[in-house]
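Shown below is the structure under consideration.
Just so it is clear, the values below take in all heavy atoms, side chains as well, and ignore hydrogens, waters and symmetry mates. Note that the structure is predicted; figures quoted are calculated from it, not measured.
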Amino acid sequence: MVRPEAIAARDGYPYVPGRDLDAPGRARLHPNRQPAAYAGSHLSGMPAMPSRRRHCLILLATTLAAAVVARAEPGFPANGVRHQEALAYARPDGALLYRESHWRYRRGGVAHRLVLYRCLGGDAFARKTVIERSARQAPDFDFLDSRDGYREGVRSDSRGRTVYLRSDARAPLRERRIEVPADAVIDAGFDAGIRANWERLREEDGLSLPFLLPSRMAFVPVRVSPGPTLQWRGLAAQRMTMRLDRWYGFAAPTMQLTYALEDRRLLEFAGIASIRDASGRHQDVRIAFPEPARPADTDALRRALETPLARQCGG
């Protein structure tokens, strides 16, 4: 089976610490990732505030979206491979936008996850890898969008944790050492944080967790609050809301999460997605996980790990 290191090396995954360090918030953003991309969306009605803060709110929303849907099933398999598909729809009109293929497996006793983001025609254009660490809420991860070369992630070594960011294929990789608080959440670890605090979340007014925002290379507080119980495609479910836990959080996009009550797996995410459209605009989506993860064979996983990334979606 192809090792993740080989896949990472092929795509330029920064396993070897680089020298291009920068202060938080100074990483240059690709033009396709600027706040102006939200003109005409429901975010254009956000209350006026300094552009830097508004920009941070939008980045937070999209980062949270990527983190939540990257881990939709409770836990990792003790052995074997499991596979799950997700569908991303436009909330305004219900049009299917893209697909997600999720793979969970173990290597050397360590839990891994692979997520492929696919065009409607089937080609993969982005990849996320997640490696669980001792604190399940704070895994290592690497995300690459091949369309413009955007990359972000967190890695561990003997010296600690490093967050990194590359705004596009032409930009240098920027890195920064970070101290991770005991209750901090990194990317797909958000889901582990939800499960670890499930009863508190359902019984209290909500829970605030420090969440890593790679684009700012810093942690920001995020509040998750319980919503109503409901039926989701015949399943008893719990809805929760998620937003920035700051005084100006009212201006941030609110995301909705729907979990199955029986096994606490994510059924649906609704909010601003991290995956952009062909024009570089983040999209208001509803991502559904209609079926739980199913057993899969190692050959299927190997093919998924070897999947090349397309630089654009056809059509």
Report task. Could you list all the disulfide bond (SG atoms under 2.5 Å apart) pairs where at least one residue sits in residues 98-142, not counting sequence neighbours? Result ->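 Qualifying pairs: Cys119-Cys313.
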| said: Would you say the ring centers of Tyr117 and Phe143 fall short of 6.0 Å from each other? | reply: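 Yes, ring centres under 6.0 Å apart.
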Q. More than 12 heavy atoms of other residues, nucleotides or ligands under 6.0 Å from CD of Glu199: is that the case?
A. yes
Heavy-atom closest pair (Glu268 atom, Leu266 atom, distance to 0.1 Å) is O-CD1, 3.4 Å
Atom OG of Ser215 and atom CZ of Arg174: how far apart are they, to the nearest 0.5 Å?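 Rounded to the nearest 0.5 Å, the OG-CZ separation comes to 13.0 Å.
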In terms of heavy-atom contacts, Gly271 and Arg91 come closest through CA-NH2, 3.7 Å
List the steps, then state whether side-chain contact (heavy atoms from CB on, under 4.5 Å) holds for Phe141 with Ile186.
CA-CA 8 Å; Phe141 81 98; Ile186 296 176; 4.0 Å; yes
The single option from Lys128, Arg151, Arg113, Arg127 that satisfies salt bridge (charged side-chain N to carboxylate O under 4.0 Å, His left out) with Asp142 is Arg151
Original post:
What is the minimum heavy-atom distance between Ala304 and Leu116, and which atoms define it?
Top reply: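 Heavy atoms of Ala304 and Leu116 come nearest at O-CD1, 3.7 Å.
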message = Quick one about Arg202 and Gln238 (side-chain donor to acceptor, distance below 3.5 Å, no hydrogens or angles considered), yes or no?
response =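 Result is yes, a qualifying pair exists.
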On a heavy-atom basis, the closest approach of Pro226 and Asp205 is CD-O, 3.6 Å
Evaluate whether atom CD of Glu179 has more than 12 neighbouring non-hydrogen atoms of other residues, nucleotides or ligands under 6.0 angstrom away.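 Check fails, neighbour count at 12 or below.
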Q. How far apart are the closest heavy atoms of Phe219 and Val185, and which atoms are they?
A.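 Minimum heavy-atom contact is CE2-O, 3.8 Å.
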query = If you take all heavy atoms of Ser156 and Arg161, which pair is closest and at what distance?
reply =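 Smallest interatomic distance, heavy atoms only, reads OG-NE, 2.7 Å.
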Q. Does a side-chain N-to-carboxylate-O contact under 4.0 Å join Asp145 and Arg276?
A.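 So Asp145 pairs with Arg276 through a salt bridge.
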